[in-house]
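Working notes, structure below.
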Amino acid sequence: MLALIRYSVPAGRTGEFLVQAHDIVDTLAGQPGYVRGRVVRSVDEPELWALVSEWEGAGFYRRALGAARMAMYPLMPLMLNEPSAFEDAERP
């Protein structure tokens with residue numbers, strides 16, 4: 001399962017965002033079901049960032065969000081309100 005949380009980060013907050021986003025990844029990495037994660041930036045829109053993580057299943061991801069709530073709280077105003085959990089689609 002892929003989790004994608006996107007953020008709109010003003011240029012002046014990039015450094016602060018990176019520190020906090022990597023703290024979130026570190027917190028998630030300690031949770032059951034975590035496979036891998038990273039912080040990425042849009043090539044075309046430099047203020048658009050994403051926290052991308054992979055999980056063994058949606059239940060693991062949802063429980064991990066609860067554990068990471070405090071780490072995620074400072075970045076919530078920058079978060080884009082959209083679905084974040086995606087499952088693999090099998091080829092028809």
*asked:* Could you see if Met76 belongs to whatever hydrophobic cluster contains Phe17? Use Ile, Leu, Val, Met, Phe, Trp, Tyr and a side-chain cutoff under 4.5 Å.
replied: yes
*Does the side chain of Ser84 come within less than 4.5 Å of Ile5's, by heavy atoms?*
yes
*Measure the CG-OH distance between Leu48 and Tyr7 for me, rounded to the nearest 0.5 Å.*
12.0 Å
*Do Glu87 and Leu2 come close enough that some side-chain heavy atom pair is under 4.5 Å?*
no
*Side chains of Ser53 and Val25: closer than 4.5 Å at any heavy-atom pair?*
no
*Determine, step by step, whether Gln20 and Leu75 satisfy the side chain to side chain contact (heavy atoms under 4.5 Å, CB included) criterion, reporting the C-alpha distance in whole Å, the side-chain angles of both residues, the deciding distance to 0.1 Å, and the verdict.*
CA-CA 8 Å; Gln20 293 174 326; Leu75 295 183; 2.9 Å; yes
*Quick check: does any side chain N or O of Arg41 sit under 3.5 Å from a backbone N or O of Trp49, one acting as donor and the other as acceptor?*
no
*Can you name the closest pair of heavy atoms from Ala50 and Leu4 and give their distance?*
CB-CD1, 3.6 Å
*asked:* Do Arg69 and Leu65 have side chains that approach each other closer than 4.5 Å (heavy atoms only, starting at C-beta)?
replied: no
*So with a 6.0 Å cut-off around CE of Met70, is the heavy-atom count from everything else above 12?*
no
*Within a strict 4.5 Å, meaning less than it, do heavy atoms of the Glu47 and Val9 side chains meet?*
no
*Would you say Leu78 and Pro10 make side-chain contact, with heavy atoms under 4.5 Å?*
yes
_Flag if over 12 foreign heavy atoms under 6.0 Å of CZ, Phe86_ = yes
*Atom pair OG/CD of Ser8 and Glu45 - distance to nearest 0.5 Å*: 8.5 Å
*Under 4.5 Å between any side-chain heavy atoms of Met1 and Glu56, yes or no?*
no
_Non-hydrogen atoms of Thr27 and Ala71 that approach each other most closely_ = OG1-CB, 4.0 Å
*ILVMFWY cluster, Ile24 and Tyr73 together (side-chain gap under 4.5 Å)*: yes
*Taking side chain as C-beta onward, heavy atoms only, is Trp55 less than 4.5 Å from Gln31?*
yes
*To the nearest 0.5 Å, how far apart are CG in Leu51 and CZ in Arg38?*
10.0 Å
*Check whether NZ of the Lys or CZ of the Arg Arg63 lies under 6.0 Å from the centre of the six-membered ring of Phe60 and within 45 degrees of that ring's axis.*
yes
